[in-house]
Amino acid sequence: METVWHLTQDPELHARWDLRFSAIAPMGVDERGRTRFRYERSLPWHVIKGMGVSLGERDRPDGTRTSALAFSTDDRLSPLRSGQGYWRYIPTDDGIRFITGYDYRPGWGRLADLAVRPIVLWMTAWSFDRLRLWAEGITAPEQARVRSILALWRRERPRARRCRTSPPGRDAMRDAPATLREVTAS
């Protein structure tokens, strides 16, 4: 639990494994424990920049942990305009069950979002398997770049299909922690 928590809550480490971010820079913590941050996603032709806020819940009575996040950007080239999500860390006999829920407002309109959502879902699942490989000491994120999907002979490369996924629907935030109501990035 401590390893996964550390790898997901430290902004520099988070940006190493999560394909959705190129950089995350904390801007401070407020009196309620919320961390404000700037983020970037580098594309070959542009760098998307935005702001966010996160709140972690490390000590819950049931032994689980949660992390809630909200983000937004004014960048017209970003396919995601604003959104929110959460992670739930559940201890099991075999390790940690890591659950996420998220939703966002499309940046390019509803029609384009029909193509963008499956890509974001794949990026999320692929990144979580990349995190798993790192947490288990198998492969550092820098050795498991996106191009590794072509290395079919490598068994221990990140694979989105290892993560059980379902496209976020209307009830994507049904099981969100109460802390999600405490984060806004507007």
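Along the sequence shown, residues are numbered consecutively beginning with 1. Worth knowing before you read on, the calculation uses all heavy atoms, side chains too, and leaves out hydrogens, waters and symmetry mates.
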Could you tell me if Arg117 sits above the aromatic ring of Tyr104, with its cationic atom closer than 6.0 Å to the ring centre and no more than 45 degrees from the axis?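 The answer is yes, since Arg117 meets both limits relative to Tyr104.
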Atom pair [atom1] ([X]) and [atom2] ([Y]), whose distance is rounded to the nearest 0.5 Å:
| X | Y | atom1 | atom2 | result |
| --- | --- | --- | --- | --- |
| Trp5 | Ile96 | CH2 | CD1 | 11.5 Å |
| Phe21 | Phe37 | CZ | CZ | 5.5 Å |
| Ile24 | Phe71 | CD1 | CZ | 12.0 Å |
| Thr64 | Asp59 | OG1 | CG | 10.5 Å |
| Tyr102 | Thr100 | OH | OG1 | 7.5 Å |

Would you mind checking if [Y] and [X] are paired as a salt bridge, meaning a charged N to carboxylate O distance below 4.0 Å?
| X | Y | result |
| --- | --- | --- |
| Glu57 | Arg65 | no |
| Arg132 | Glu136 | yes |
| Arg130 | Glu142 | no |
| Asp18 | Arg41 | no |
| Arg60 | Asp62 | yes |

Counting only heavy atoms from other residues, nucleotides and ligands, does the tally under 6.0 Å from [atom1] of [X] exceed 12?
| X | atom1 | answer |
| --- | --- | --- |
| Asp74 | CG | no |
| Leu114 | CG | yes |
| Glu12 | CD | no |

For the side chain of Ser127 and the backbone of Leu19, is there at least one donor-acceptor N/O pair under 3.5 Å apart?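 Such a contact is found between Ser127 side chain and Leu19 backbone.
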Using the test side-chain contact (heavy atoms from CB on, under 4.5 Å), find all partners of [X] that sit at least two apart in sequence or belong to another chain.
| X | result |
| --- | --- |
| Ala70 | Val53, Gln84, Val183, Ala185 |
| Pro106 | Asp113 |
| Val29 | Thr35 |

Aromatic contact, Tyr89 with Phe98 (centres under 6.0 Å):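 Yes.
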Aromatic ring centroids of Trp87 and His14 under 6.0 Å?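 For Trp87 and His14, the ring centres are under 6.0 Å apart.
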Are Arg32 and Glu182 close enough, and set up right, to give a salt bridge (Lys or Arg N to Asp or Glu O under 4.0 Å), and what steps lead you there? CA-CA 9 Å; Arg32 292 168 66 190; Glu182 297 181 42; 3.5 Å; yes
